[in-house]
Number of protein chains: 2
Amino acid sequence: MARGSTRPTSRDVARAAGVSQAAVSLVLGDKWRGRVSEATAARVRQAAQDLGYRPNLAARNLRLGQARTALLVVPALTNEFFAAVYEGAARIAAKHGFGVVLYPSPEGIGPAPDPFASARAALDGIIASSMASEALTEIRGDDLPLVMLDSDPADSLGAATVNLDITDGMHQITDHLLTLGHRRYLHLAADIDSWTFHVRARELATRVGQAADTEVRTAKTPITIEGALAAAENALNGPGPRPTAIVCDDDKLAVGAYKAARRLGLRIPNDLSVTGFDDLALATAIEPELTTVHLDAELFGERGMTALLAVLEGETPPEGNIPVELVVRGSTAPPRPS
Amino acid sequence: MARGSTRPTSRDVARAAGVSQAAVSLVLGDKWRGRVSEATAARVRQAAQDLGYRPNLAARNLRLGQARTALLVVPALTNEFFAAVYEGAARIAAKHGFGVVLYPSPEGIGPAPDPFASARAALDGIIASSMASEALTEIRGDDLPLVMLDSDPADSLGAATVNLDITDGMHQITDHLLTLGHRRYLHLAADIDSWTFHVRARELATRVGQAADTEVRTAKTPITIEGALAAAENALNGPGPRPTAIVCDDDKLAVGAYKAARRLGLRIPNDLSVTGFDDLALATAIEPELTTVHLDAELFGERGMTALLAVLEGETPPEGNIPVELVVRGSTAPPRPS
DNA sequence: CAGCTGAAGTTGTACGTATAACCCCGTCCG
DNA sequence: CGGACGGGGTTATACGTACAACTTCAGCTG
């Protein structure tokens, strides 16, 4: 681990500037007004510059008893949505001199080998996205401040929660499809026991159920294109009259639905309408472009970090869901008259 | 920043177990063989468990003079490719008790407000992916160990480099298309001054140029679907006989090519062959599925971290490019006989 | 039984920083 | 002219850990 010549410390800077180490700390910490003369301050800054001095973060954190670092726990970073959440969170964090370190889920990296590795970075707080709380308690020390994204506000154990307005998103989708005249639905559902997906299923069922002569079939699948393809094809081939619209829990599932439709010779949107959820890059890559609910993932991350910072300051984080918006593209149309 | 009751320290554990702080450090650091009795060791571990003790990383890092943390610099995390690079790097890092912290490019987060924020975490080394070195020098202290991914081995200023075998990837593509019989090519090129993209252009030109009666047109575009669409449409409408194959620097650009083809009423692959590069999730989402070069991004990240660890140990990192593989799907076919 | 050895600890210190508490000296006021 | 005051610093200390150097004592050997 030999780092050639050891890095200069504040003491080295002090020596070079002909002052005490404390003075260096004062100047560089911007707390020198009325304590150090303008001239010496300038000398110190120059010396720091010349030596290429960088403060030792470990020492600073130790002294201050805080790390200015938050942990973001996400299921999978390769999902564009969570990458955007990270970027939003990191942007706000940077504004406050905080860093964000990632823990891409127990699956992605494996559980920490020993109990200490889980505390890899010194942490001030945790933002957990779409996570079951069991996995969390291992990471969370005893009482690390916690903000939960995308989780049931009802049982978040006192942790602050930030959510997208999923409910409204589902309402917008169903209203759109009902207005177009669809009556027979297939719900291509993510096979994950998670709050958001529960909400989606529930809202879809009740909302559609309020109209007359409607029917909702459900097919569960892991969130992969192949899984969705198989599930959709299977469900579309099922008995009884074929659904005219597929509501997918996720854009990726919609891609599977597209492929199933193609296999069965159904044209989208003429023979079959398909909707997604998330509005990932995928949505506009496929043909026809996907009608889906746009989620502002970056804003989601920003709000999460804002909430965490509030908690750290002892304030109550702001309430309120983040609005979402249905984006109507080419994958939905009125059902073919039978 | 009040964290209710302060966390227990090794001294608290010592008190609880009736030993000295040093003994705690020994036991928990697994260096106690022949220094502490089995019985006391057990008592210490129990006490640590009971108190929920987590060592203070800042203090440990300060003591050891190392952070066990690497910085990964990537252009944009929302690009699935770089997210995968991260996961690979993080996996290897975790195995060695290292953490990985991200710096998603000057663009993504903005330059660090003050020179110190750039050193947010205490770092042992840097892995920079697809970056110009200017942006780096600001972050890199004076002599932080550096590994460069996806950069010109010839002018990496002594830093270790790890690369995918881009050259071979381009050869595989061109050989595939030449064998199919294509003679007129459009190169949809990323408008970025970066090593990889230079290599791609160069290899395409020379390789295709070696065959008789061939022609390569180039259209530059930013890496966005809309940009690629515009560039491709424009180029396809250009004067002279129309290209029969579009070679794209990137899968995302291929999506633009698909859209251009659709607009012009050209069917893929019958009227027009299209190839990508990267093999992102996009590649199998679009129809027909894209013939592209598969890059193992995770392995790329793993190799990058392995190289960095080697440098940190004072060893010479392993050489050799990572092999890539052409995946032939449905977007390429022999050109229509004219 | 003096001296040595090894087990089982303990004491002490250093890492680099931030800051509280102190100090010195020139000025100004009463 | 004594003392209060403030500008411009300095000295000393603590944060929590890891580890080198020391201590203590029981058991053994010659």
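- For B:Ser10, no side-chain nitrogen or oxygen approaches OP1 or OP2 of D:dA18 to under 4.0 Å.
- Using a 4.5 Å heavy-atom threshold, the side chains of B:Phe300 and B:Met305 count as separate.
- When rounded to the nearest whole Å, the span between CG of B:Leu62 and C1' of C:dT13 equals 13 Å.
- Remark: B:Arg60 is in phosphate contact with D:dA18, judged by side-chain N or O atoms under 4.0 Å from OP1 or OP2.
- A donor and an acceptor atom sit less than 3.5 Å apart, one in the side chain of A:Gln21 and one in the base of C:dA18.
- In this entry the distance linking NZ of A:Lys31 with C1' of C:dA20 reads 14 Å, nearest Å.
- Here D:dT17 is the nucleotide among C:dT17, C:dG16, D:dT17 with the atom lying nearest to any side-chain atom of B:Pro55.
- Nucleic acid contact for A:Val24: none, since no nucleic acid atom lies under 4.0 Å from a heavy atom of the residue.
- The B:Arg11 side chain lies nearest to D:dT17 when the options are C:dG9, D:dT17, C:dG16.
- For the atom pair CD of A:Gln46 and OG1 of A:Thr40, the computed distance is 14.0 Å after rounding to the nearest 0.5 Å.
- Residue B:Ser37 is classed as a sugar-phosphate contact, given heavy-atom separations below 4.0 Å to backbone atoms only.
- Rounding to whole angstrom units, CH2 of residue B:Trp32 and P of C:dT10 are separated by 15 Å.
- Checking D:dT17, D:dA12, C:dT10 against every side-chain atom of B:Ala59, the shortest atom distance belongs to D:dT17.
- Between the CZ atom of B:Arg35 and the C1' atom of C:dA7 there is a distance of 10 Å, rounded to whole Å.
- Counting any heavy atom pair closer than 4.0 Å across all strands shown, A:Thr9 reaches sugar-phosphate atoms only and no base atom.
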